[in-house]
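Here the structure is laid out as structure tokens; the discussion comes afterwards.
Nothing fancy with the numbering, it's 1 onward along the sequence.
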Amino acid sequence: MKLKTRNFVKVFALAAAITFASCSSDDNDPDDGPDAVAPTCTDGIKNGDETGVDCGGSCTACEATNPEESTTLTGQLSEERTLDASKTYTLEKNYSIEAGGKLIIPAGTVINATVESGDETETYIVVQRGGEIDVQGTAAAPVIMQSTGGEAGQWGGLVLLGDATTTEGVDATAEVGNFKYGGSNDADNSGSISYLIIKHAGAQINAESQYNGLTLYAVGSETSIDNVAMIDGDDDGVEFFGGTVSASNLYFENNQDDSIDWTEGWNGTVTNAYVLHTKEGFSTAVEADKANGNPSLINFTAVSTVGGTALQFKATSGATITGLSLSGYETSIDMKDDGPLANVVIEGEAGNPDNSYNANATVDVAIFDWVNTDAAVGSSILTGNLTNDLTLDASINYLLSKNYSVEDGATLTIPAGTTISAQVESGDETETYIVVQRGGKIVIEGTEANPVVMTSTNNNPGDWGGLVILGDATTTEGIDATAEVGDFKYGGTNDTDNSGSISYLIIKNAGAQINAESQYNGLTLYAVGSETTIDNVAMIDGEDDGVEFFGGTVSASNLYFENNQDDSIDWTEGWNGTVTTAYVLHNVEGFSTAVEADKANGNPKLIDFTAVSTVGGTALQFKATSGATLTNVSLVGYDTNVDMKDNGPLENVIVDGTALTTTEDDVFNGTTVDVTIFAWATGN
């Protein structure tokens, strides 16, 4: 028995000697040989779960004795620390990476700010001057910083303080935390950020100061910021206070102040930014203030479903912007302090607040699929001037706010199934319309199964001004005639002018009254040329005409008119095109005519024309010397078939090859147009 005990002591002593010998180099030595087992713990403490060799004995409260291993982030970090993506971290009040410190956050790490009421402005992550942050997210595993409460403004977000220049000078004091920032090193490096999602930030400090999602104080150009999403912030998404840092691939969703804000002479670049506003009450997509450092925005797409202001410039601030696409904003540019528009350079020209800057998206939102948001664009506002080609999205409900003008050189394409609704307040009816200027084009790509619809939200006749197209063809009013609506210019010498194409379009509730003599129509065609194609168009419940031709050479086919309260087809100024296959229905009293023709006779043609009234009235009215060549016309139910209003020459009205000799001629018994070909418009 004694012998066995003695041998056990010897074995124990030998084992201890081996252990202490191996600990002399704190874990396995590379020279221990190929069979050495790599340790899984590098904290110098034996925690009980290592597969390799570690030193120092056991530890029952490792997190307490080793703060760097705690999952609670608070206080100061003065050394390098790497978080563990397998753990969820809790931010408790502020966590400051001090000068010389570095926080490394690997892909997939989640940091939750747990905030008690009243602590919102004390809860943030800040990287001091001389400190660094390294966010190593990936598209498959982004880093996430958010609040546990899930509400905007519950914490202060991520703040970086740099040593680059700012108009506030050296050692400026930040509006948050009284931190110091700013110096003379424009190439300062505060680290790198990649694939980071920041949610619920923007805590309110006071009426003038707030935190943002990402706040950059005099951050230098060697700092790398790429693929960052700022979502549901109560203040800005990102704000630049001076500095030279640039950023790329930024996504902003429903930040309630500004998405991108800069001041103090920031002069970096943001490349590929996408802004989405689906909640009312935000400030802007971009706000710029104070001195103009002339930063650049390259490929900037902003979308609002709730109107609002896109770009706001204060004091003398400005920017150089290329690849701008704005959609749904009521105001494109707001020069808040009447600063110089020359400082706002968009696509090489001074900014123009009259331009909507609607354009096809310059940033594909699909590049932000990694954000995994469920926000959707359900509606969008059309207003202002369109100066770039734009294709609408049939899945979006468009709201027309006042006028929307397709300018010379721009093309508006409207795909099948798109609906545009005029959102009209009382008094704005005559200011609300879509107009295609000379040199502009509209391409309506409706189909029988999915027509394009232009209507009003109030669903009342006369709610809005309809669709107006201005061309460069001839008119008896000459060149550069002035339209009775909008003072637009139209008319030229190019009878083959092309203003685009229209197919399967329904226009409802148009015909706003300008004055006793002038009104809008459903479709108004000013000197439109023959290369323009118009086919399958329905004008329904208009307060004035269905379609009116002011000179020009354009023709149209397959037109349906229902209860337009003035004339269904109206022409003047020598129009000499052709309407083929038209059906007019009147079953509401008080309309004017099925056809009204005025002024000089351009001898246009109506082929296969059917008009039906259940309430009497006048079918065809010719004023001055106007006339037409009519083939296969059927008139049913009118009290008067032909009215020569000014006793003009009957021989100008030719029916089936023969001039009228009397208004009582019973010659309008042609084959009726089959109304079922318009079932796509009537639903019957």
Side-chain angles (χ1 to χ4, degrees), residues 76 91 93-99 113 115 118-131 133 145 147 152-184 188 190 193 198 200-220 223 225 228 230 233-245 247 252 255-268 270 282-284 286-293 295 312-317 336-337:
Q76 298 178 345
L91 177 64
K93 294 194 175 180
N94 61 76
Y95 188 50
S96 176
I97 294 88
E98 300 293 294
V115 183
D119 289 341
E120 293 86 353
T121 59
E122 298 180 29
T123 306
Y124 51 84
I125 297 173
V126 58
V127 181
Q128 304 286 352
R129 283 188 299 186
I133 191 168
M145 298 178 180
S147 73
Q154 290 188 320
W155 69 300
L158 175 61
V159 180
L160 272 61
L161 303 154
D163 198 40
T165 53
T166 162
T167 56
E168 294 297 294
V170 177
D171 292 339
T173 301
E175 66 178 1
V176 296
N178 290 321
F179 301 125
K180 297 298 181 182
Y181 69 98
S184 58
D188 190 36
S190 296
I193 299 173
I198 301 174
H200 317 130
Q204 184 85 16
I205 300 170
N206 54 48
E208 299 299 323
S209 300
Q210 306 83 18
Y211 288 91
N212 311 290
L214 177 62
T215 307
L216 304 169
Y217 283 98
V219 175
T223 307
I225 300 175
V228 182
M230 280 70 63
D234 205 35
D235 200 65
D236 303 335
V238 61
E239 184 164 6
F240 300 86
F241 290 85
T244 54
V245 66
F252 304 88
N255 296 283
Q256 286 304 293
D257 195 12
D258 316 303
S259 293
I260 300 178
D261 191 343
W262 67 78
T263 185
E264 299 181 12
W266 172 63
N267 65 348
V270 167
F282 71 92
S283 178
T284 67
V286 167
E287 179 186 278
D289 196 6
K290 298 184 180 178
N292 182 25
Q312 184 181 81
F313 298 90
K314 298 178 178 180
T316 62
S317 62
K336 186 72 173 177
D337 303 315

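Looking only at atom types and distance, the side chain of S283 has a donor-acceptor partner in the side chain of D258 under 3.5 Å away. For the residue pair S96 and Q128, a side-chain donor N or O sits within less than 3.5 Å of a side-chain acceptor on the partner.
Taking W155 as the reference, nothing meets the ring pair (Phe, Tyr, Trp, His ring centres under 6.0 Å) condition, with sequence neighbours excluded. Applying the side chain to side chain donor-acceptor pair (under 3.5 Å) test to E264 and every residue at least two apart in sequence or in another chain returns T166, Y181. Judged as a salt bridge (charged side-chain N to carboxylate O under 4.0 Å, His left out), and not counting sequence neighbours, K336 has no contacts. F179 pairs by the ring pair (Phe, Tyr, Trp, His ring centres under 6.0 Å) definition with Y124, not counting sequence neighbours. By the ring pair (Phe, Tyr, Trp, His ring centres under 6.0 Å) test, F241 is found to be paired with Y217, residues two or more places apart in sequence or in another chain being considered.
Proximity of a side-chain donor or acceptor of S209 to a complementary backbone N or O of N206 within less than 3.5 Å is not detected. The main-chain N or O of S147 is found under 3.5 Å from a side-chain atom of H200 such that the two form a donor-acceptor pair. Looking at E122, its side chain never comes within 3.5 Å of a backbone N or O of E120 through a donor-acceptor pair. D236 places no side-chain N or O within donor-acceptor distance of the main-chain N or O of D257, the cut-off being under 3.5 Å. The closest donor-acceptor contact from the side chain of N255 to the backbone of M230 lies under 3.5 Å.
Side-chain contact check for E239 versus L216: every heavy-atom pair is 4.5 Å or farther apart. Using a 4.5 Å heavy-atom cutoff, the side chains of N212 and V238 are not in contact. The side-chain heavy atoms of I125 and N94, taken from C-beta on, include no pair separated by under 4.5 Å. Contact of the Y211 side chain with the D235 side chain is not registered, since no non-hydrogen atoms from C-beta on lie closer than 4.5 Å.
Aromatic ring centres of F240 and W262: separated by at least 6.0 Å.
Residues D163 and D188 approach most closely at N-OD2, 2.7 Å, considering heavy atoms.
The list of salt bridge (Lys or Arg N to Asp or Glu O under 4.0 Å) pairs with a residue in residues 167-182, not counting sequence neighbours, reads R129-D171.
Taking CG from L214 and CG from L158, the interatomic distance works out to 5.5 Å, rounded to the nearest 0.5 Å.
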